Trainee: 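Dropping a structure here in C-alpha coordinates format, bear with me for questions.
Labels below follow one simple rule: chain letters A, B, ... track the order of the sequence lines, proteins then strands, and each chain is numbered from 1. Worth saying up front: this structure is predicted, and the values here are computed from it rather than measured.
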Amino acid sequence: NAGVMQNPRHLVRRRGQEARLRCSPMKGHSHVYWYRQLPEEGLKFMVYLQKENIIDESGMPKERFSAEFPKEGPSILRIQQVVRGDSAAYFCASSPSGHVLGHGSPLHFGNGTRLTVT
Amino acid sequence: GENVEQHPSTLSVQEGDSAVIKCTYSDSASNYFPWYKQELGKGPQLIIDIRSNVGEKKDQRIAVTLNKTAKHFSLHITETQPEDSAVYFCAAKVVRGGNQFYFGTGTSLTVIP
(Lines give C-alpha, C1' and ligand atoms only; values in the text may rest on other atoms or scores of the structure.)
Protein backbone atom coordinates (compact mmCIF):
# COMPACT_ATOMS: atom_id res chain seq x y z
CA ASN A 1 0.00 0.00 0.00
CA ALA A 2 1.91 3.01 -1.27
CA GLY A 3 2.03 6.02 0.97
CA VAL A 4 1.60 9.64 -0.02
CA MET A 5 3.70 10.27 -3.11
CA GLN A 6 5.10 13.67 -3.89
CA ASN A 7 7.08 14.70 -6.92
CA PRO A 8 9.46 16.02 -7.71
CA ARG A 9 11.57 15.60 -4.56
CA HIS A 10 13.69 18.58 -5.51
CA LEU A 11 12.74 21.44 -7.79
CA VAL A 12 14.93 24.36 -8.83
CA ARG A 13 13.34 27.38 -10.45
CA ARG A 14 14.62 30.79 -11.45
CA ARG A 15 12.81 33.86 -10.20
CA GLY A 16 9.71 34.50 -12.27
CA GLN A 17 9.21 30.90 -13.38
CA GLU A 18 6.33 28.65 -12.37
CA ALA A 19 6.57 25.75 -9.93
CA ARG A 20 4.16 22.83 -10.03
CA LEU A 21 4.21 20.40 -7.14
CA ARG A 22 2.30 17.13 -7.33
CA CYS A 23 0.82 14.95 -4.65
CA SER A 24 -0.86 11.58 -4.96
CA PRO A 25 -2.67 10.72 -1.72
CA MET A 26 -2.77 7.31 -0.16
CA LYS A 27 -5.19 4.90 -1.77
CA GLY A 28 -8.69 5.52 -0.52
CA HIS A 29 -7.90 8.99 0.83
CA SER A 30 -9.97 11.86 -0.48
CA HIS A 31 -8.68 14.69 1.73
CA VAL A 32 -5.42 16.44 0.84
CA TYR A 33 -3.55 19.08 2.81
CA TRP A 34 -0.57 21.17 1.79
CA TYR A 35 1.94 22.51 4.32
CA ARG A 36 5.02 24.65 3.93
CA GLN A 37 8.12 24.29 6.08
CA LEU A 38 11.05 26.67 6.25
CA PRO A 39 14.41 25.36 7.55
CA GLU A 40 14.26 24.62 11.28
CA GLU A 41 10.67 25.83 11.48
CA GLY A 42 7.30 24.20 11.97
CA LEU A 43 4.62 23.19 9.52
CA LYS A 44 2.58 26.08 8.20
CA PHE A 45 -0.86 25.14 6.89
CA MET A 46 -1.62 26.33 3.38
CA VAL A 47 -4.69 24.64 1.96
CA TYR A 48 -7.09 21.75 2.55
CA LEU A 49 -8.89 20.12 -0.36
CA GLN A 50 -11.28 17.34 -1.08
CA LYS A 51 -11.88 15.98 -4.54
CA GLU A 52 -12.77 18.93 -6.79
CA ASN A 53 -13.33 21.24 -3.80
CA ILE A 54 -11.20 23.64 -1.79
CA ILE A 55 -12.33 23.36 1.81
CA ASP A 56 -9.96 25.81 3.48
CA GLU A 57 -7.36 27.98 1.79
CA SER A 58 -6.86 30.40 4.64
CA GLY A 59 -3.12 29.68 4.84
CA MET A 60 -2.36 30.21 1.20
CA PRO A 61 -1.20 33.59 -0.15
CA LYS A 62 -3.91 35.20 -2.25
CA GLU A 63 -1.59 35.93 -5.13
CA ARG A 64 0.59 33.58 -7.18
CA PHE A 65 -0.47 30.44 -5.28
CA SER A 66 -3.22 28.05 -6.28
CA ALA A 67 -4.15 24.46 -5.54
CA GLU A 68 -6.41 21.89 -7.07
CA PHE A 69 -7.41 18.30 -6.48
CA PRO A 70 -9.22 17.10 -9.61
CA LYS A 71 -11.55 14.15 -9.83
CA GLU A 72 -8.83 12.20 -11.59
CA GLY A 73 -5.11 12.59 -10.97
CA PRO A 74 -2.93 14.10 -8.28
CA SER A 75 -3.37 17.26 -6.30
CA ILE A 76 -1.33 20.15 -7.69
CA LEU A 77 0.13 23.10 -5.82
CA ARG A 78 1.04 25.78 -8.30
CA ILE A 79 3.25 28.78 -7.60
CA GLN A 80 3.45 31.36 -10.34
CA GLN A 81 6.25 33.89 -10.77
CA VAL A 82 8.30 32.39 -7.96
CA VAL A 83 10.44 34.58 -5.73
CA ARG A 84 13.36 33.65 -3.49
CA GLY A 85 11.08 33.74 -0.44
CA ASP A 86 9.14 30.79 -1.88
CA SER A 87 12.14 28.52 -1.29
CA ALA A 88 10.99 25.95 1.25
CA ALA A 89 9.93 22.34 1.67
CA TYR A 90 6.32 21.74 0.70
CA PHE A 91 4.61 18.77 2.27
CA CYS A 92 1.42 17.12 1.22
CA ALA A 93 -0.65 15.00 3.58
CA SER A 94 -3.78 12.96 3.09
CA SER A 95 -6.47 11.44 5.26
CA PRO A 96 -9.46 9.25 4.59
CA SER A 97 -12.87 10.77 4.24
CA GLY A 98 -15.22 10.94 7.16
CA HIS A 99 -14.48 10.50 10.82
CA VAL A 100 -13.58 7.64 13.08
CA LEU A 101 -16.00 7.65 15.98
CA GLY A 102 -16.36 11.37 15.51
CA HIS A 103 -12.74 12.01 16.38
CA GLY A 104 -11.17 12.22 12.96
CA SER A 105 -8.38 10.36 11.26
CA PRO A 106 -4.63 11.09 11.26
CA LEU A 107 -2.74 12.77 8.49
CA HIS A 108 -0.25 10.77 6.47
CA PHE A 109 2.57 12.85 5.03
CA GLY A 110 4.67 12.51 1.91
CA ASN A 111 8.41 13.20 1.92
CA GLY A 112 7.99 16.65 0.50
CA THR A 113 9.19 18.70 -2.43
CA ARG A 114 12.13 20.96 -1.73
CA LEU A 115 11.78 24.07 -3.85
CA THR A 116 14.81 26.25 -4.43
CA VAL A 117 14.39 29.56 -6.21
CA THR A 118 17.59 30.98 -7.64
CA GLY B 1 -9.05 29.33 15.81
CA GLU B 2 -7.00 26.75 17.64
CA ASN B 3 -3.54 27.68 18.99
CA VAL B 4 -1.08 24.91 19.82
CA GLU B 5 2.05 25.71 21.80
CA GLN B 6 4.91 23.25 22.17
CA HIS B 7 7.84 23.17 24.61
CA PRO B 8 10.75 22.87 24.68
CA SER B 9 11.98 23.82 21.23
CA THR B 10 15.19 21.84 21.74
CA LEU B 11 15.92 18.96 24.07
CA SER B 12 19.10 16.97 24.66
CA VAL B 13 19.14 13.81 26.75
CA GLN B 14 21.62 11.06 27.46
CA GLU B 15 20.94 7.71 25.88
CA GLY B 16 18.74 5.68 28.19
CA ASP B 17 17.16 8.69 29.87
CA SER B 18 13.56 9.79 29.34
CA ALA B 19 12.38 12.69 27.22
CA VAL B 20 9.18 14.65 27.74
CA ILE B 21 7.64 17.12 25.30
CA LYS B 22 4.63 19.19 26.28
CA CYS B 23 1.90 20.88 24.27
CA THR B 24 -1.04 23.06 25.16
CA TYR B 25 -4.08 23.90 23.07
CA SER B 26 -6.73 26.56 23.30
CA ASP B 27 -9.88 25.22 21.64
CA SER B 28 -11.91 22.96 23.92
CA ALA B 29 -13.52 21.47 20.79
CA SER B 30 -10.23 19.80 19.84
CA ASN B 31 -10.65 16.09 20.32
CA TYR B 32 -7.82 14.33 18.52
CA PHE B 33 -4.12 14.75 19.25
CA PRO B 34 -1.50 13.06 17.05
CA TRP B 35 2.27 13.20 17.46
CA TYR B 36 4.66 13.16 14.53
CA LYS B 37 8.37 12.43 14.20
CA GLN B 38 10.29 14.07 11.40
CA GLU B 39 13.74 12.84 10.45
CA LEU B 40 16.09 14.87 8.32
CA GLY B 41 14.99 15.06 4.71
CA LYS B 42 11.74 13.22 5.31
CA GLY B 43 8.12 14.01 5.94
CA PRO B 44 6.55 13.82 9.40
CA GLN B 45 5.54 10.31 10.39
CA LEU B 46 2.74 9.55 12.84
CA ILE B 47 4.13 7.83 15.94
CA ILE B 48 1.23 7.87 18.36
CA ASP B 49 -2.11 9.57 18.80
CA ILE B 50 -4.73 10.00 21.47
CA ARG B 51 -8.41 10.78 21.32
CA SER B 52 -10.20 12.96 23.80
CA ASN B 53 -12.08 10.14 25.46
CA VAL B 54 -8.78 8.63 26.65
CA GLY B 55 -6.36 9.99 29.26
CA GLU B 56 -3.26 7.97 28.42
CA LYS B 57 -1.98 5.71 25.68
CA LYS B 58 1.22 3.71 25.51
CA ASP B 59 3.07 1.98 22.70
CA GLN B 60 6.30 0.32 23.81
CA ARG B 61 8.71 3.15 24.76
CA ILE B 62 6.34 5.92 23.74
CA ALA B 63 3.40 7.21 25.75
CA VAL B 64 1.07 10.16 25.46
CA THR B 65 -1.03 11.72 28.20
CA LEU B 66 -3.97 14.08 27.82
CA ASN B 67 -5.44 16.45 30.37
CA LYS B 68 -8.60 17.90 28.84
CA THR B 69 -9.36 20.12 31.80
CA ALA B 70 -6.00 21.83 31.59
CA LYS B 71 -5.90 21.55 27.80
CA HIS B 72 -2.48 20.01 27.62
CA PHE B 73 -0.97 16.80 26.34
CA SER B 74 2.52 15.35 26.55
CA LEU B 75 4.76 12.88 24.77
CA HIS B 76 6.97 10.65 26.89
CA ILE B 77 9.82 8.63 25.42
CA THR B 78 11.53 6.23 27.81
CA GLU B 79 14.91 4.50 27.43
CA THR B 80 15.86 6.88 24.65
CA GLN B 81 18.10 5.68 21.84
CA PRO B 82 20.16 7.64 19.30
CA GLU B 83 17.64 6.78 16.59
CA ASP B 84 15.02 8.72 18.55
CA SER B 85 16.89 11.90 17.56
CA ALA B 86 14.52 13.87 15.33
CA VAL B 87 12.06 16.75 15.36
CA TYR B 88 8.77 15.97 17.06
CA PHE B 89 5.52 17.81 16.35
CA CYS B 90 2.32 17.73 18.31
CA ALA B 91 -1.01 18.56 16.70
CA ALA B 92 -4.61 19.14 17.68
CA LYS B 93 -7.56 18.49 15.46
CA VAL B 94 -10.86 20.31 15.60
CA VAL B 95 -13.65 18.29 14.06
CA ARG B 96 -15.98 21.13 13.23
CA GLY B 97 -17.17 21.40 9.66
CA GLY B 98 -14.00 19.76 8.42
CA ASN B 99 -10.77 18.12 9.49
CA GLN B 100 -8.42 20.96 10.36
CA PHE B 101 -5.14 20.17 12.08
CA TYR B 102 -3.12 22.68 14.07
CA PHE B 103 0.56 21.91 14.65
CA GLY B 104 2.98 22.91 17.36
CA THR B 105 6.27 24.52 16.38
CA GLY B 106 8.30 21.36 16.93
CA THR B 107 10.90 20.03 19.38
CA SER B 108 14.34 19.04 18.16
CA LEU B 109 15.37 16.04 20.27
CA THR B 110 19.00 14.94 20.42
CA VAL B 111 19.88 11.70 22.17
CA ILE B 112 23.55 11.69 23.13
CA PRO B 113 25.17 8.23 22.97
Trainee: Looking at A:R15, I want to see if its CZ is surrounded by more than 12 non-hydrogen atoms of other residues, nucleotides or ligands under 6.0 Å.
Mentor: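 No.
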Trainee: Contact part of A:Q6 toward chain B, heavy-atom cut-off under 4.5 Å: side chain, backbone, both or neither?
Mentor: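 A:Q6 has no heavy atom closer than 4.5 Å to chain B.
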Trainee: If two hydrophobic side chains count as joined below 4.5 Å and joins carry through other members, does A:L107 share a cluster with A:M5?
Mentor: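 Different clusters.
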Trainee: Please find the pair of heavy atoms, one from B:K42 and one from A:R114, that lie closest to each other, and give the distance.
Mentor: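 Smallest interatomic distance, heavy atoms only, reads N-NH2, 3.8 Å.
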Trainee: Disulfide bond (SG atoms under 2.5 Å apart): which pairs involve residues 24-63 of chain A, sequence neighbours left out?
Mentor: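 The answer is none; no pair qualifies.
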Trainee: I need the minimum non-hydrogen distance between B:G43 and A:N111, along with the two atoms involved.
Mentor: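 Heavy-atom minimum between the residues: N-OD1, 3.0 Å.
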Trainee: Does A:F109 have its ring centroid less than 6.0 Å away from the ring centroid of B:Y36?
Mentor: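 Ring centroids of A:F109 and B:Y36 are less than 6.0 Å from each other.
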Trainee: Could you please state which residues from residues 102-113 of chain B sit under 4.5 angstrom from chain A, measuring non-hydrogen atom to non-hydrogen atom, sorted by number, or 'none'?
Mentor: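 So far as heavy atoms go, B:F103, B:T105 are the residues that approach chain A to under 4.5 Å.
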Trainee: For residues 60-70 of chain A, give me every residue with a non-hydrogen atom less than 4.5 Å from any non-hydrogen atom of chain B.
Mentor: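 Result: none.
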Trainee: For A:Q80, does the CD atom have more than 12 heavy-atom neighbours from other residues, nucleotides or ligands under 6.0 Å away?
Mentor: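 Atom CD in A:Q80 is packed in, count exceeds 12.
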Trainee: Is B:F101 linked to A:L49 within one hydrophobic cluster, defined over Ile, Leu, Val, Met, Phe, Trp and Tyr using a side-chain heavy-atom separation of less than 4.5 Å?
Mentor: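 Shared cluster, no.
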Trainee: When hydrophobic residues are tied together by side-chain contacts of less than 4.5 Å, even through go-betweens, does A:I76 share a cluster with A:V47?
Mentor: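 Hydrophobic grouping puts A:I76 apart from A:V47.
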Trainee: Determine whether A:Y35 and A:V32 fall in the same hydrophobic cluster, where Ile, Leu, Val, Met, Phe, Trp and Tyr are linked whenever their side-chain heavy atoms lie under 4.5 Å apart.
Mentor: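 Looking at the clustering, A:V32 is in a separate group from A:Y35.
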Trainee: Could you tell me which portion of B:Q45 (side chain, backbone, both or neither) has an atom closer than 4.5 angstrom to a non-hydrogen atom of chain A?
Mentor: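 The side chain, not the backbone.
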Trainee: For B:P44, which atoms come within 4.5 Å of any heavy atom of chain A: side chain, backbone, both, or neither?
Mentor: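 It is both, since atoms from each part get that close.
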Trainee: What do you reckon, is CD of B:Q81 surrounded by more than 12 foreign heavy atoms closer than 6.0 Å?
Mentor: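 Counting neighbours around CD of B:Q81, more than 12 heavy atoms of other residues, nucleotides or ligands fall under 6.0 Å, so yes.
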Trainee: Please check if the number of heavy atoms outside B:Q60 that lie under 6.0 Å from its CD is greater than 12.
Mentor: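 No, not enclosed.
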Trainee: Which residues in residues 86-94 of chain A have any heavy atom closer than 4.5 Å to a heavy atom of chain B?
Mentor: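 From residues 86-94 of chain A, the residues near chain B are A:F91.
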Trainee: With the 4.5 Å side-chain cut-off for hydrophobic clustering, are A:L11 and A:L77 part of the same group?
Mentor: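 As far as the 4.5 Å side-chain criterion goes, A:L77 and A:L11 are connected within one cluster.
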